[in-house]
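Below: the structure, in structure tokens.
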Amino acid sequence: MYIGLDLGTSGLKGILMSDTQQVVAEATARLTVQRPHEGWSEQSPNDWIAAAETVMDALAAHGLGSVRGIGLSGHMHGATLLDASDQVLRPCILWNDSRSHLEASELDDDPMFRRLTGNIVFPGFTAPKLMWVQTHEPALWAKVAKVLLPKDYLRLWLTGDHVSEMSDAAGTSWLDTGARDWSDELLTATGLSRDHMPRLVEGSEVSGTLRAGLAARWGLTGSVVVAGGGGDNAASGVGVGVVRAGEAFVSLGTSGVLFAANDGYQPDPATAVHTFCHALPGTWHQMGVILACTDALNWFANLTGSDAASLTGDLGALQAPGRTLFLPYLGGERTPLNSASVRGAFVGLEHATDRQAATRAILEGVTFAFRDCRDALAATGTKLDSLLAVGGGSKSDYWLRCIATALDCPVQVPVAGDFGGAFGAARLALMAATGAGAEVATLPAIARVIDPDPGLKDAFEAGHARHLTAQSAIKGLT
């Protein structure tokens, strides 16, 4: 059997998978985010360890003696800073933290960064966070011996080794993404060296073996390898089988992702599309990323004293976008705006804007943000013929009908099952333990396909045009 651990922003999930890729058991442990100042977002790495212990203890009740590999997935870009004794120096600065927007702009002004990484230096990426620490926490900066990404701190606890892999490393602004290696030039430009970085492996390769004490605690026998794993979106790509050119998925999670696999490296930083290494050798992927997806719906649910399922469960048949618009920029935006300062808004509120109308506006606003991502991907030459839907938001058929119609692209809904980061991590563990390759990352069985609504296509085109007008107007107000 194989274990996949997925470190998410709101919780850590683990699954136990058989050698025929059936999920035997799963467990979760919740996590919280600390926001001590506006624009800040942090977590304690010790909480990740406690969550992983909870999950592994729960999985161990099912018997782990047949486990031969563990794979890791996790939220990207986080700056986990360690001293020479591997002690954590400060809370991890997370992917959705925007404090380093000035440092990101400064690094992005150096054309070397886009040329080597294939990406804009976004405020959420890791390198500008280290520049912020250098400026604002100089005493702490002087103690930094290792910089790890969140899932790789879990690996350190599991194996005792400092290791990362290509897909997660590509989101740091230190990786030469085409060469799949750390760039000495980029590290030097931020006051660091390879000594500060973990060793790199491919996601399907062995990164180390489980420490004997942990193996004994959970009843694992023999040598248990830990795979390189992947950043959360790359691991989800492996989990849902999107590993070959022409395959794509839309992820409706805390953040939103429009993800397309590529068999070549085709960056276009000006579009604000992310071009990263995939979790498998010789493959890359492109992403349009929006920072608030189900996060926006959950925000509105909290505001109204409701829950997301109640808000979306009684919307009925798909309707044309109404007068009320919602811009989902609750904490800045990635693709295509690249802005840490832009903020969201309701536009066109009126007496007729009841709870259902406002909910539809939330779903439409996030959908139009996905449309912006689709247009940005198209500018790089990437065309989407169909999409697999994953993530918690994919439980809403109304939302999926919005997306299919606004993007003019059929949306495929997998049969019941979890094909996210934890499943992808378990698949990568299987590859590392057995030597298998991409052939095990099959596409899931499809339960149904949601086609665009031809009768509402023009209405959604007009709605997107109004979205773009409001988007331009709001920039100067927030």
Side-chain angles (χ1 to χ4, degrees), residues 1-31 48-62 64 67-76 149-155 157-158 165 167-168 203-204 207 210 218 220 224-243 249 251-255 257 259 278-280 294 388-395 414-433 440-444:
M1 296 192 291
Y2 305 92
I3 290 172
L5 298 177
D6 179 34
L7 174 60
T9 313
S10 58
L12 189 145
K13 179 171 184 175
I15 68 164
L16 182 62
M17 184 186 81
S18 72
D19 58 358
T20 58
Q21 301 193 42
Q22 302 302 306
V23 175
V24 176
E26 60 181 65
T28 59
R30 289 197 59 77
L31 292 164
W48 305 338
I49 301 301
E53 289 179 321
T54 297
V55 165
M56 289 295 294
D57 287 345
L59 294 179
H62 299 272
L64 303 182
V67 169
R68 292 295 170 259
I70 298 173
L72 299 174
S73 165
H75 50 75
M76 298 176 66
L149 294 158
K151 79 171 192 319
D152 299 325
Y153 183 72
L154 283 181
R155 186 196 320 278
W157 169 66
L158 290 169
E165 47 69 48
S167 68
D168 218 354
S204 55
S207 70
L210 183 65
W218 296 313
L220 285 82
V224 178
V225 304
V226 177
D232 50 3
N233 291 301
S236 292
V238 174
V240 81
V242 175
V243 296
F249 71 79
S251 174
L252 284 73
T254 302
S255 60
V257 176
F259 180 110
H278 210 328
L280 297 179
T294 60
L388 285 160
V390 299
S394 65
K395 295 175 183 177
V415 296
D418 185 345
F419 303 101
F423 188 66
R427 280 181 158 179
L428 290 166
L430 185 156
M431 295 179 199
V440 305
T442 54
L443 293 165

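For clarity, every value in this text was computed on a predicted model and none was experimentally measured.
- For Ala227 against Ser207, the heavy-atom pair with the smallest separation is O-OG, 3.6 Å.
- To the nearest 0.5 Å, atom OG of residue Ser255 and atom NE2 of residue His75 are 11.0 Å apart.
- For the pair Thr294 (side chain) and Thr254 (backbone), a donor-acceptor distance under 3.5 Å is present.
- Considering all non-hydrogen atoms of both residues, Ala235 and Ala425 come closest at CB-N, 4.5 Å.
- Although no hydrogens or angles enter the test, the distance criterion places a donor-acceptor pair under 3.5 Å between the side chain of Arg427 and the main chain of Val238.
- A distance-only check finds no donor-acceptor pair linking the side chain of Arg68 to the backbone of Ala429 [under 3.5 Å].
- Going from atom CG of Leu154 over to atom CG of Leu72 covers 6.5 Å, rounded to the nearest 0.5 Å.
- From Glu165, atom CD reaches atom CG of Asp152 across 6.5 Å, with rounding to the nearest 0.5 Å.
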Legend entry - Worked check of side-chain contact (heavy atoms from CB on, under 4.5 Å) between Asp57 and Trp218: CA-CA 7 Å; Asp57 287 345; Trp218 296 313; 2.8 Å; yes

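- Residues Glu26 and Phe423 fail the side-chain proximity criterion, which asks for heavy atoms closer than 4.5 Å.
- Put simply, the side chain of Leu64 reaches to within 4.5 Å of the side chain of Met56, judged on heavy atoms.
- For the atom pair CD1 (Ile70) and CG (Leu428), the distance works out to 13.5 Å, reported to the nearest 0.5 Å.
- In this structure, Leu12 CG and Lys151 NZ are separated by 13.0 Å, a value rounded to the nearest 0.5 Å.
- When all heavy atoms of Val440 and Gln21 are compared, the closest pair comes out as O-NE2, 3.0 Å.
- Between Leu210 and Val67, every side-chain heavy-atom pair lies at or beyond the 4.5 Å cut-off.
- Of the residues Leu59, Ile15, Val226, the one that meets the side-chain contact (heavy atoms from CB on, under 4.5 Å) test with Ile3 is Leu59.
- Rounded to the nearest 0.5 angstrom, Lys13 NZ and Leu31 CG are separated by 14.0 Å.
- In terms of heavy atoms, Ser18 sits closest to Tyr2 at O-CD1, 4.3 Å.
- Nearest approach of Ala279 to Gly229, heavy atoms of both residues: CB-O, 3.8 Å.
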Legend entry - Leu443 and Val240: CA distance, side-chain angles, deciding distance, side-chain contact (heavy atoms from CB on, under 4.5 Å) verdict: CA-CA 6 Å; Leu443 293 165; Val240 81; 5.8 Å; no

Legend entry - Asp232 and Leu7: CA distance, side-chain angles, deciding distance, side-chain contact (heavy atoms from CB on, under 4.5 Å) verdict: CA-CA 8 Å; Asp232 50 3; Leu7 174 60; over 6 Å; no

Inset, instruction - Output, in order, the C-alpha distance, side-chain angles, deciding distance and verdict of side chain to side chain donor-acceptor pair (under 3.5 Å) for Arg30 and Thr54. - result: CA-CA 10 Å; Arg30 289 197 59 77; Thr54 297; over 6 Å; no

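- Classified by interplanar angle (parallel below 30°, tilted 30° to 60°, perpendicular above 60°), the ring pair Tyr153/Trp48 is perpendicular.
- Listed for the Ser167 side chain is a donor-acceptor partner under 3.5 Å among the backbone atoms of Gly231.
- By the 4.5 Å heavy-atom criterion applied to side chains, Val390 and Leu252 are not counted as neighbours.
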Inset, instruction - For side-chain contact (heavy atoms from CB on, under 4.5 Å), just list the numbers for Phe259 and Ser236, CA-CA rounded to whole Å, side-chain angles, deciding distance to a tenth of an Å, and then say yes or no. - result: CA-CA 10 Å; Phe259 180 110; Ser236 292; over 6 Å; no

